[in-house]
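Structure record follows, encoded as structure tokens.
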Amino acid sequence: EVQLVESGGGLVQAGGSLRLSCAASGFTFDDYSIGWFRQAPGKEREGVSCISSSDGSTYYADSVKGRFTISSDNAKNTVYLQMNSLKPEDTAVYYCTAGGYCHSEYEKYDYWGQGTQVTVSS
């Protein structure tokens, strides 16, 4: 059974940090690129970051560049999203995804986690 389990969300003040984790199982982790998307109430789901399985390249949305860092621990089948200098507009449910390639379109991904809530207070 394929599983992507996110953890690490919570409530933090603006300027604070959180580290999200995505633990994967049930598929060959090394063959999949892992992405993070987020969805705020009343807004469309948007791509945040992705790490490519082919060469480890990383991608970031302009809104998070310089503040968020994605990394992967292949030995643990886990991807992390370090989020620093958080802003209220970062408030959303964050989803971990797995697909063959990094895409900005969420429809291109094969597997999804259940999401973890991140709330940034001003």
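- Hydrophobic cluster of V93: the remaining members, joined at side-chain heavy-atom separations below 4.5 Å, are F37, Y95, Y106, Y109, W112, listed by chain and number.
- Across F29 and N74, no two heavy atoms sit closer than the pair CE2-OD1, 3.4 Å.
- Panel note: side chain S52, backbone S57; no donor-acceptor pair is recorded below 3.5 Å.
- Using a 4.5 Å cut-off on side-chain heavy atoms (C-beta onward), C102 and Y59 make contact.
- Of the possible donor and acceptor atoms, none in the side chain of Y101 sits under 3.5 Å from a partner among the backbone N and O of S54.
- When all heavy atoms of Y94 and A92 are compared, the pair lying nearest together is CD1-O, 3.4 Å.
- Within a 6.0 Å radius of CD in E107, other residues, nucleotides and ligands contribute more than 12 heavy atoms.
- Inter-residue side-chain proximity for D110 and V2 is flagged as unmet; no heavy-atom pair is nearer than 4.5 Å.
- Listed by chain and number, the residues in a side chain to side chain contact (heavy atoms under 4.5 Å, CB included) with S104 amount to none (sequence neighbours excluded).
- Nearest heavy atoms, L81 versus S49: CD1-CB, 4.0 Å.
- Shown here for S72 and V79, the closest heavy-atom pair between the two residues is OG-CG2, 3.9 Å.
- Here the CD atom belonging to E46 is positioned 9.5 Å from the CD atom belonging to Q39, to the nearest 0.5 angstrom.
- For the atom pair OG (S122) and NZ (K87), the distance works out to 14.0 Å, reported to the nearest 0.5 Å.
- Y80 and I51 are members of different hydrophobic clusters when ILVMFWY side chains are connected at heavy-atom separations under 4.5 Å.
- For CD of E89, the number of neighbouring non-hydrogen atoms (other residues, nucleotides, ligands) closer than 6.0 Å is greater than 12.
- Q82 CD to L18 CG: the interatomic distance, rounded to the nearest 0.5 Å, is 8.5 Å.
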| query | Given D90 and R38, is the side chain to side chain contact (heavy atoms under 4.5 Å, CB included) satisfied, shown in steps? | reply | CA-CA 9 Å; D90 294 317; R38 67 186 181 185; 2.9 Å; yes
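- Using a 4.0 Å cut-off between charged side-chain N and carboxylate O, K65 and D62 make a salt bridge.
- We find the CH2-SG distance between W36 and C50 to be 12.0 Å, quoted to the nearest 0.5 Å.
- Contact of the C22 side chain with the L4 side chain is registered, since non-hydrogen atoms from C-beta on lie closer than 4.5 Å.
- Contact detail for A98 and I34: the closest heavy-atom pair is CB-CD1, 3.7 Å.
- Atoms OG1 and CD, on T91 and Q117 in that order, are 7.0 Å from each other to the nearest 0.5 Å.
- Taking the six-membered ring where the residue is Trp, Y111 and Y32 present tilted rings, their angle falling between 30° and 60°.
- Rounding to the nearest 0.5 Å places OG of S7 at 13.5 Å from CD of Q114.
- Across all their heavy atoms, S33 and G100 have their closest contact at OG-O, 3.7 Å.
- You'll find the side chain of E6 stays beyond 4.5 Å of the side chain of L20, heavy atoms only.
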